[in-house]
Protein chains: 2
Amino acid sequence: MAQISNLSCSLEDYLEIILQLVHEKGEARVKEIAARKAVRMASVTGALKRLAKEQLIVYKARESVTLTDAGYDLAGRVLKRHQFIARFLGEVLGVPADTASRDACAIEHVISLDSLDRLAGFMEFLKSPVLVEQDVAGRFQRSYTAGAARLNGSETGRSADCGGLADEAIRIFSRNAAQVQLTELKPGERGRVVSVRASTPIRQRLVDMGLLPGVELVMQRVAPLGDPIDIKLRGFHLSLRKIEAATIGVERL
Amino acid sequence: MAQISNLSCSLEDYLEIILQLVHEKGEARVKEIAARKAVRMASVTGALKRLAKEQLIVYKARESVTLTDAGYDLAGRVLKRHQFIARFLGEVLGVPADTASRDACAIEHVISLDSLDRLAGFMEFLKSPVLVEQDVAGRFQRSYTAGAARLNGSETGRSADCGGLADEAIRIFSRNAAQVQLTELKPGERGRVVSVRASTPIRQRLVDMGLLPGVELVMQRVAPLGDPIDIKLRGFHLSLRKIEAATIGVERL
DNA sequence: TTCTTTTGTTAGGGTGGGCTAATTTGTCCC
DNA sequence: GGGACAAATTAGCCCACCCTAACAAAAGAA
Ligand SMILES: [Mn+2]
Ligand SMILES: [Mn+2]
Ligand SMILES: [Mn+2]
Ligand SMILES: [Mn+2]
């Protein structure tokens, strides 16, 4: 149940998409909805039935979908939230439009009215006479990209008064994209061992078998239940139990 | 699948809770986890099994849960995101702590690293020499609450350079809490008709029966499948089809 | 009109994630 | 040791939401 309605996020998105389609093309067809939501048509049919039960759309099989008053209202609110959040991300923070929109479409369902209201107030505030002169958002974005450029140019200097926290943020916030568990490799994929986190005795055994950081390997075969796992390294084969393999961090190659 | 991991939002939250419990009490027990997540213990057991399968926790039945290295890592990242977003909402926007934390715990799973990074940069930027003097956040929050107070004092003036967008935001972003569909009333509940959105012929019939905006009514009885619905207004009974009732907006009394 | 293609629906299946009720296990006390 | 109680698990249910495969209907083309 999302903040804005009694509906799930998914259903709110369907509603939002229907509204957009009605605006853009005059009608909403199953195929189009499926395309925008990146799901199959069968999933759309199911969703439409649920929305119809809530009296938010008028749905008769094989006809194009229309919104009821209540549905139009709700869809509009979802869309407004979306657009507003995307604007904050884009105009104030300088997030690229596609990312801003994706994020907005997720956040729109879960952020409270209180936060949203204050965010709206904040954006207004940045336009107040004194601050508008300061061009807070613009200056931030310039310093942010400048900082990023400096980092990408592999300079060492990182100043605290600007953006460019990229590498710090990756370490703190993101999944460590580079490193995955050995178990995640699919047959045929190659990787380089980054870490072996097993407990000491097991670790020793693995290292003895040549499984140490830096070594390249190729995933060979995964047995039906993921156990055992067959890999090839330095030209010979090795069979590992899944629980062992999971302690091994690799970098995809 | 959340932004930060291959896990669902729910599992990320379990992980986050386990980390907090381990920090606070030295161990995480099923009962405590259930309490924090506001779910039943049976649900926790299920979640723990899924987390164990992903090698993120060590789980043996009836023993207290511990995090694996990978789990500790991921839990830490989720928590960092949570804390950071809550700080933005609280310190910059002035959202009350509990709301900020609730919102953060939802947004943490869906916001992109890019937006997060820029938000972090932005908060840093507000601390840069020139802007720190301006006290952007502080001034915003004061004007916001001042605006709200003025509105609550039922003054008419609304200035564009301050916050206090509350009523505007409610109209645009929130569900219209006051108005519900007639079908949502439970037997015994009273309501006042706010709108009748039915198509003209049906609308006419309803109005003829006395169902017009401003009229008070009491929900009497809802048949098994929600159809028909029995209401009482102006002292006599009326039976409506569900599809008709759904077009009627009422205000709960 | 009849055949083909496109569009949409139904049937059936899987996973995630919650629930209640019944049962098991561990602990503490007598 | 034998209850009593709390903590945890299992079994079994439900719903949301996605999928594929098979089928049905509508629209176009021949
Ligand atoms: Mn959305
Ligand atoms: Mn959206
Ligand atoms: Mn969360
Ligand atoms: Mn959280």
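First the proteins, then the strands, lettered A, B, ... as listed; each starts at 1.
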Under 4.0 Å, counting only non-hydrogen atoms across every strand here, what does [X] touch: a base, just sugar-phosphate, or nothing?
| X | result |
| --- | --- |
| B/Lys37 | sugar-phosphate |
| A/Ser8 | sugar-phosphate |
| A/Ala47 | nothing |

Rounded to the Å, how far apart are [X] [atom1] and [N] [atom2]?
| X | N | atom1 | atom2 | result |
| --- | --- | --- | --- | --- |
| A/Tyr14 | D/dA16 | OH | P | 13 Å |
| A/Ile33 | C/dG8 | CD1 | P | 9 Å |
| A/Glu63 | C/dT9 | CD | P | 10 Å |
| B/Arg40 | D/dA7 | CZ | P | 14 Å |
| B/Arg62 | D/dT9 | CZ | P | 6 Å |
| B/Lys60 | C/dG26 | NZ | P | 13 Å |
| A/Tyr59 | C/dT10 | OH | C1' | 10 Å |

Out of [options], which has the shortest distance to the side chain of [X]?
| X | options | answer |
| --- | --- | --- |
| B/Ser10 | C/dT20, C/dG18, C/dA11 | C/dG18 |
| A/Ser43 | C/dT9, D/dC19, C/dA21 | D/dC19 |
| B/Val30 | D/dT9, D/dT20, C/dT9 | D/dT9 |
| B/Met41 | D/dT10, D/dC19, D/dA7 | D/dA7 |
| B/Arg29 | D/dA8, C/dT10, C/dC19 | D/dA8 |
| B/Lys31 | C/dT7, C/dG18, D/dA8 | D/dA8 |

- N or O in side chain of A/Thr45 less than 4.0 angstrom from C/dT9 OP1/OP2: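 Yes, such a contact exists.
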
- Does OP1 or OP2 of D/dT10 have a side-chain N or O of B/Lys49 closer than 4.0 Å?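 B/Lys49 to D/dT10 OP1/OP2: side-chain N or O found under 4.0 Å.
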
- Item | Heavy atoms from other residues, nucleotides or ligands near OH of B/Tyr59 exceed 12 (cutoff 6.0 Å) |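 Buried by this count: over 12 neighbours within 6.0 Å.
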
Please check: side-chain N/O of [X] versus main-chain N/O of [Y], any donor-acceptor pairing under 3.5 Å?
| X | Y | value |
| --- | --- | --- |
| B/Asp103 | A/Ser112 | yes |
| B/Arg221 | B/Asp230 | no |
| B/Arg118 | A/Gly94 | yes |

- Ion pair present between A/Glu24 and A/Arg36, side-chain N to carboxylate O less than 4.0 angstrom?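 Counted as a salt bridge, because a side-chain N and a carboxylate O are separated by less than 4.0 Å.
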
